Every structure is written in C-alpha cells, then in structure tokens.
Novice: 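This is the structure, below, for whatever I ask next.
Since this is a predicted model, take the numbers as computed values, not measurements.
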Amino acid sequence: QVQLVESGGGLVQPGGSLRLSCAASRSKYTANAMKWHRQAPGKERELVAAIVGGGSTVYADSVKGRFTISRDNAKNTAYLQMNSLKPEDTAVYYCDVRLGSFWYRTQTNNWGPGTQVTVSS
C-alpha cells in the first residue's frame, strides 16, 4: 500500500515563497511520474503541475513561470517550489504518484488531508 505525505505548507505574505514536499513510501515504481493538485473552498480540485515520463513537465497557466515541480528519485520525493505567491494560490495542496497504469490518489479518490497554503497579508 502506498503512503503519500505532503508537507511544507503554511502562511506566507503575498510575493513570498514556499516549497512543498511529497514523500512516497515505496522505493521503486514502474513509472515515477508525480503531480500536484490543489483545491480552494467552493472550487473543483485542479491540476497544478506534473512531471512525467522522461522528465517533461506541465503546468497550469495560472502558475506557469512561478511554480516549479521536481523530483528526487533516490528519496522517492516530489517537490513544488512556489515563488511570487498570490492570494489566489490559497488552497489545500495534494500530491499523487503514478503506479504503472494509474494515478494512485486519483484512481482511489482518497486524497488525505493535504497541506494548507495560505497567502495573505
């Protein structure tokens, strides 16, 4: 059974930075693609960033140029570096990992508590 633990959220001022981490319990995967979602109150959960295949990345238009997704395969950990944060980035952030042919949390619809990011003055 896969365990995913997000960390690094908190309260920051507009224009500030945070780095989120997502640690996975399994050390070996057929594919080690990972992604980040976020959900604000009253809104649908949305894809923020993903790193897939040979390392290519994709970002939501709203965060492009400000957020960077990366991974450390040796540590089975994904990161989301968030710079120039805006109040609109306030949300609960969740990570997911691809296990062979499916995304773990997306497929099971079990997202856990995530980590809260609040951008406010």
Side-chain angles (χ1 to χ4, degrees):
Q1 185 173 2
V2 174
Q3 299 285 344
L4 294 172
V5 180
E6 300 98 336
S7 63
L11 174 64
V12 297
Q13 300 286 327
S17 298
L18 283 174
R19 188 179 73 162
L20 306 184
S21 298
C22 174
S25 62
R26 290 173 58 171
S27 61
K28 185 177 181 180
Y29 300 93
T30 301
N32 52 19
M34 301 189 79
K35 63 180 180 177
W36 289 91
H37 287 77
R38 68 184 181 186
Q39 186 170 28
K43 297 183 178 180
E44 298 290 332
R45 183 179 293 106
E46 64 175 341
L47 177 68
V48 176
I51 183 165
V52 299
S56 61
T57 57
V58 61
Y59 297 92
D61 288 340
S62 60
V63 308
K64 195 171 298 181
R66 300 187 297 119
F67 290 12
T68 303
I69 186 171
S70 62
R71 67 181 178 221
D72 185 333
N73 290 332
K75 297 181 178 180
N76 253 49
T77 300
Y79 303 95
L80 185 68
Q81 179 66 47
M82 305 184 294
N83 298 326
S84 302
L85 283 162
K86 305 175 180 179
E88 293 76 22
D89 297 317
T90 296
V92 178
Y93 286 71
Y94 307 87
C95 68
D96 201 0
V97 61
R98 185 171 177 84
L99 302 178
S101 62
F102 68 96
W103 292 94
Y104 180 66
R105 281 176 165 169
T106 302
Q107 187 69 20
T108 61
N109 197 31
N110 184 3
W111 293 87
T115 186
Q116 174 73 233
V117 172
T118 302
V119 185
S120 176
S121 60

Novice: With V58, which residues qualify under side-chain contact (heavy atoms from CB on, under 4.5 Å), at least two apart?
Specialist: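 Scan of V58 (side-chain contact (heavy atoms from CB on, under 4.5 Å), adjacent residues dropped) gives A50.
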
Novice: Counting distance only, does the side-chain N/O of R66 pair as donor-acceptor with the main-chain N or O of S84 below 3.5 Å?
Specialist: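 Flag set: sc R66 to bb S84 pair under 3.5 Å.
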
Novice: Just to verify, what does P41 make a side-chain contact (heavy atoms from CB on, under 4.5 Å) with, not counting sequence neighbours?
Specialist: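 Listed in chain order: nothing, the list is empty.
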
Novice: How would you list, by chain and number, every residue that makes a side-chain contact (heavy atoms from CB on, under 4.5 Å) with S56, sequence neighbours excluded?
Specialist: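 Expected list: V52.
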
Novice: Applying salt bridge (charged side-chain N to carboxylate O under 4.0 Å, His left out), name anything that partners E46, two or more places apart in sequence or on another chain.
Specialist: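 R38.
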
Novice: Which residues satisfy the side-chain hydrogen bond (donor to acceptor under 3.5 Å, both in side chains) test with S21, sequence neighbours excluded?
Specialist: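 side-chain hydrogen bond (donor to acceptor under 3.5 Å, both in side chains) check on S21 returns nothing, list empty.
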
Novice: For residues 8-20, which residue pairs pass the side-chain hydrogen bond (donor to acceptor under 3.5 Å, both in side chains) check, not counting sequence neighbours?
Specialist: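 For residues 8-20: S17-N83.
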
Novice: Distance from Y104 atom OH to Q3 atom CD, nearest 0.5 Å?
Specialist: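 CD of Q3 is found 6.5 Å from OH of Y104.
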
Novice: Considering only residues two or more places apart or on different chains, which pairs with a residue in residues 58-101 satisfy disulfide (SG to SG under 2.5 Å)?
Specialist: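 For residues 58-101, and leaving out neighbouring residues, the disulfide (SG to SG under 2.5 Å) pairs sorted by first residue read C22-C95.
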
Novice: Listed by chain and number, what are the salt bridge (charged side-chain N to carboxylate O under 4.0 Å, His left out) partners of R45, not counting sequence neighbours?
Specialist: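 Partners of R45 by the salt bridge (charged side-chain N to carboxylate O under 4.0 Å, His left out) criterion come out as none, since no residue qualifies.
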
Novice: Enter the distance from T77:OG1 to M34:CE here, rounded to the nearest 0.5 Å.
Specialist: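 These two atoms lie 7.5 Å from each other.
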
Novice: List for me each residue that meets side-chain contact (heavy atoms from CB on, under 4.5 Å) alongside V92, sequence neighbours excluded, and say none if there are none.
Specialist: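 V92: side-chain contact (heavy atoms from CB on, under 4.5 Å) contacts with Y94, Q116.
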
Novice: Would you say W103 and L4 are hydrophobically clustered, going by side-chain heavy atoms of ILVMFWY under 4.5 Å?
Specialist: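 Unlinked, W103 and L4 end up in two clusters.
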
Novice: When rounded to the nearest 0.5 angstrom, what is the spacing between CG in L20 and CD in Q81?
Specialist: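 These two atoms lie 9.0 Å from each other.
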
Novice: Nearest 0.5 Å, please: how far is CD in Q107 from CG in N109?
Specialist: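 Nearest 0.5 Å value for the CG-CD distance: 9.5 Å.
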
Novice: Apply side chain to side chain contact (heavy atoms under 4.5 Å, CB included) to the pair T106 and K35, showing each step before the final yes or no.
Specialist: CA-CA 10 Å; T106 302; K35 63 180 180 177; 3.2 Å; yes

Novice: Report the residues that fulfil salt bridge (charged side-chain N to carboxylate O under 4.0 Å, His left out) with K64, sequence neighbours left out, ordered by chain and then residue number.
Specialist: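 So K64 forms a salt bridge (charged side-chain N to carboxylate O under 4.0 Å, His left out) with D61.
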
Novice: Give me each pair satisfying ring-ring contact (aromatic ring centres under 6.0 Å, His included) with a member in residues 43-64, each pair once, sequence neighbours excluded.
Specialist: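 Every pair satisfying ring-ring contact (aromatic ring centres under 6.0 Å, His included) with a residue in residues 43-64: there are none.
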
Novice: Taking salt bridge (charged side-chain N to carboxylate O under 4.0 Å, His left out) as the test, write out the residues that go with R105, two or more places apart.
Specialist: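 For R105 the salt bridge (charged side-chain N to carboxylate O under 4.0 Å, His left out) partners, ignoring immediate neighbours, are E6.
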
Novice: Does Y79 share a hydrophobic cluster with Y93, counting links as ILVMFWY side-chain heavy atoms below 4.5 Å and allowing steps through other members?
Specialist: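 Unlinked, Y79 and Y93 end up in two clusters.
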
Novice: Return the CG to OG distance between L11 and S121, rounded to the nearest 0.5 Å.
Specialist: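 That separation rounds to 9.5 Å.
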
Novice: Side-chain heavy atoms under 4.5 angstrom apart, residues restricted to Ile, Leu, Val, Met, Phe, Trp, Tyr: same cluster for W111 and I69?
Specialist: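 No, separate clusters.
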
Novice: Does any non-hydrogen side-chain atom of W36 lie less than 4.5 Å from one of I51?
Specialist: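 Result no, sub-4.5 Å side-chain heavy-atom pair not found.
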
